[in-house]
Amino acid sequence: LNNLSQIFYNHELKGKEGNIDYIKNNFYEIENAIGSLKSNIKDYVELVRQKDVYEFTSEKPKELEMLLNVYGKKDFIKSITKRLKKDKEILEFTAFEKRYLKITTESRERYISSREIRMKKYKIKGLTCGVLFAERYKDDIGNIISLNNPDLDCIIIINFAGGISYRTTREDVNLSEFASYFGGGGH
């Protein structure tokens, strides 16, 4: 059980192939190898998959990642493993966790909003791009701002500490090709 917890929060499945079918196929291979997994483990695996591919049906995958950030990898794995062993609902948060998640979520929302307000729009290589500076929450910023601005083909996030991220929620935009113009890749 401890290895299962480590596997699914280390994102090892994404690292190998990075696509949803690969993650689902490997989950079923693991399920068949171990036997029938308890429903709370299946629920946990689904939440990690959602975070990994940025395909949310709730805030719970983000909340798990916030707890990972505050606890650190070792303590997070220990906490999740303990919850899974008790056969309890994975997201029965403690009073401390609930308060922390509320404060962190509010802080994240203010930060994202402040980045969106300062964003500038440019036409670059035929794409309408929102360009902004941010050091944190790149995935959230890219997703939320892209959804809030359907007129934008992509969001370009520049981190002063180094690096540029390209994000979009649009299926018709090939960011890998766009990033290659600037020496980048993509996935």
Side-chain angles (χ1 to χ4, degrees), residues 5 8-11 14-15 18 20 43-80 83 89-124 127-173 175-176 178-179 182 184-187:
S5 180
F8 287 111
Y9 227 96
N10 282 340
H11 300 281
K14 180 183 178 203
I20 198 169
D43 293 344
Y44 174 67
V45 170
E46 175 57 21
L47 292 171
V48 173
R49 184 199 65 77
Q50 287 178 25
K51 177 59 183 155
D52 216 24
V53 297
Y54 217 82
E55 177 185 284
F56 304 122
T57 58
S58 72
E59 290 294 305
K60 299 203 188 289
K62 290 179 193 176
E63 292 171 340
L64 282 172
E65 180 148 71
M66 285 183 227
L67 291 177
L68 169 66
N69 291 334
V70 74
Y71 283 132
K73 181 180 167 182
K74 183 179 177 184
D75 288 338
F76 177 82
I77 290 170
K78 190 186 305 183
S79 173
I80 292 298
R83 294 174 202 210
E89 169 65 34
I90 190 69
L91 294 172
E92 289 180 9
F93 296 131
T94 66
F96 165 78
E97 290 169 338
K98 289 176 186 175
R99 181 74 179 133
Y100 172 79
L101 290 170
K102 182 180 185 308
I103 291 167
T104 303
T105 298
E106 290 168 355
S107 173
R108 183 188 78 209
E109 289 170 357
R110 284 191 304 273
Y111 184 78
I112 292 169
S113 178
S114 74
R115 301 299 94 187
E116 186 169 14
I117 289 168
R118 292 181 178 98
M119 177 182 68
K120 303 292 182 198
K121 295 180 182 182
Y122 299 98
K123 195 78 160 172
I124 304 170
L127 295 181
T128 305
C129 305
V131 180
L132 56 93
F133 295 91
E135 297 79 38
R136 302 179 287 159
Y137 310 120
K138 291 184 297 188
D139 288 336
D140 292 334
I141 286 172
N143 194 54
I144 291 167
I145 294 177
S146 185
L147 290 171
N148 289 348
N149 296 273
D151 59 311
L152 296 177
D153 296 312
C154 74
I155 309 298
I156 300 173
I157 304 166
I158 302 168
N159 183 342
F160 281 126
I164 297 176
S165 265
Y166 305 97
R167 300 284 195 267
T168 189
T169 55
R170 295 189 34 188
E171 298 282 332
D172 62 323
V173 176
L175 281 186
S176 184
F178 181 75
F182 308 103
H187 47 82

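Start at 1 with the first residue, then count along the sequence.
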**Q.** Of Lys123, Lys121, Arg170, the residue whose pairing with Asp151 passes salt bridge (charged side-chain N to carboxylate O under 4.0 Å, His left out)
**A.**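 Of all the options given, the one that passes is Lys121.
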Within this structure, what is the [atom1]-[atom2] distance for the pair [X] and [Y], rounded to the nearest 0.5 Å?
X	Y	atom1	atom2	answer
Phe133	Lys120	CZ	NZ	10.5 Å
Ile144	Glu116	CD1	CD	8.5 Å
Asp172	Thr168	CG	OG1	7.5 Å
Phe93	Lys102	CZ	NZ	15.5 Å
Leu152	Leu127	CG	CG	10.5 Å

Please report the closest heavy-atom contact between [X] and [Y], naming both atoms and the distance.
X	Y	value
Val131	Tyr122	CG2-CD1, 3.6 Å
Arg136	Ile141	O-CD1, 3.3 Å
Ile124	Phe182	CG2-CZ, 3.7 Å
Cys154	Leu175	CB-CD2, 3.5 Å

Q.
Hydrogens and angles aside, do Thr104 and Arg108 bring a side-chain donor and acceptor to less than 3.5 Å of each other?
A.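 No pair is found: no donor N or O on one side chain lies under 3.5 Å from an acceptor on the other.
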**Q.** Glu135 versus Tyr111, side-chain donor and acceptor atoms under 3.5 Å
**A.**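 The answer is yes; a qualifying pair exists.
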State whether the side chain of [X] and the backbone N or O of [Y] hold a donor-acceptor pair below 3.5 Å, judged by distance alone.
X	Y	answer
Asp153	Cys129	no
Asn143	Asp139	no
Ser146	Thr169	yes

Check whether any side-chain heavy atom of [X] lies under 4.5 Å from a side-chain heavy atom of [Y], and answer yes or no.
X	Y	answer
Ser113	Ile117	yes
Gln50	Glu46	yes
Met119	Asn149	yes
Arg167	Lys138	yes
Leu67	Glu63	no

Q: Evaluate the side chain to side chain contact (heavy atoms under 4.5 Å, CB included) criterion for residues Leu64 and Lys51: first the C-alpha distance (whole Å), next the side-chain angles of each, then the deciding distance (0.1 Å), finally the verdict.
A: CA-CA 9 Å; Leu64 282 172; Lys51 177 59 183 155; over 6 Å; no
Q | Check against side chain to side chain contact (heavy atoms under 4.5 Å, CB included), Ile145 and Leu132 | A | CA-CA 10 Å; Ile145 294 177; Leu132 56 93; 3.6 Å; yes
Q: Hey, can you tell me if Tyr166 and Phe178 have their rings parallel, tilted or perpendicular (30° and 60° cut-offs)?
A: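 Correct class here is perpendicular.
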**Q.** Whether Tyr100 and Phe96 hold their rings parallel, tilted or perpendicular, with breakpoints at 30° and 60°
**A.**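 If you compare the ring of Tyr100 with that of Phe96, the planes turn out parallel.
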Q.
Between Lys62 and Glu65 (salt bridge meaning N to carboxylate O under 4.0 Å), is one present in this structure?
A.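 Salt bridge flag = no for Glu65 with Lys62.
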Q: Report the C-alpha distance between Glu109 and Tyr137 in whole Å, list the side-chain angles of each, state the deciding distance to 0.1 Å, and finish with yes or no for side chain to side chain contact (heavy atoms under 4.5 Å, CB included).
A: CA-CA 10 Å; Glu109 289 170 357; Tyr137 310 120; over 6 Å; no
Q: Take Arg110 and Ser114 through the side chain to side chain contact (heavy atoms under 4.5 Å, CB included) test and state the conclusion after the steps.
A: CA-CA 6 Å; Arg110 284 191 304 273; Ser114 74; over 6 Å; no
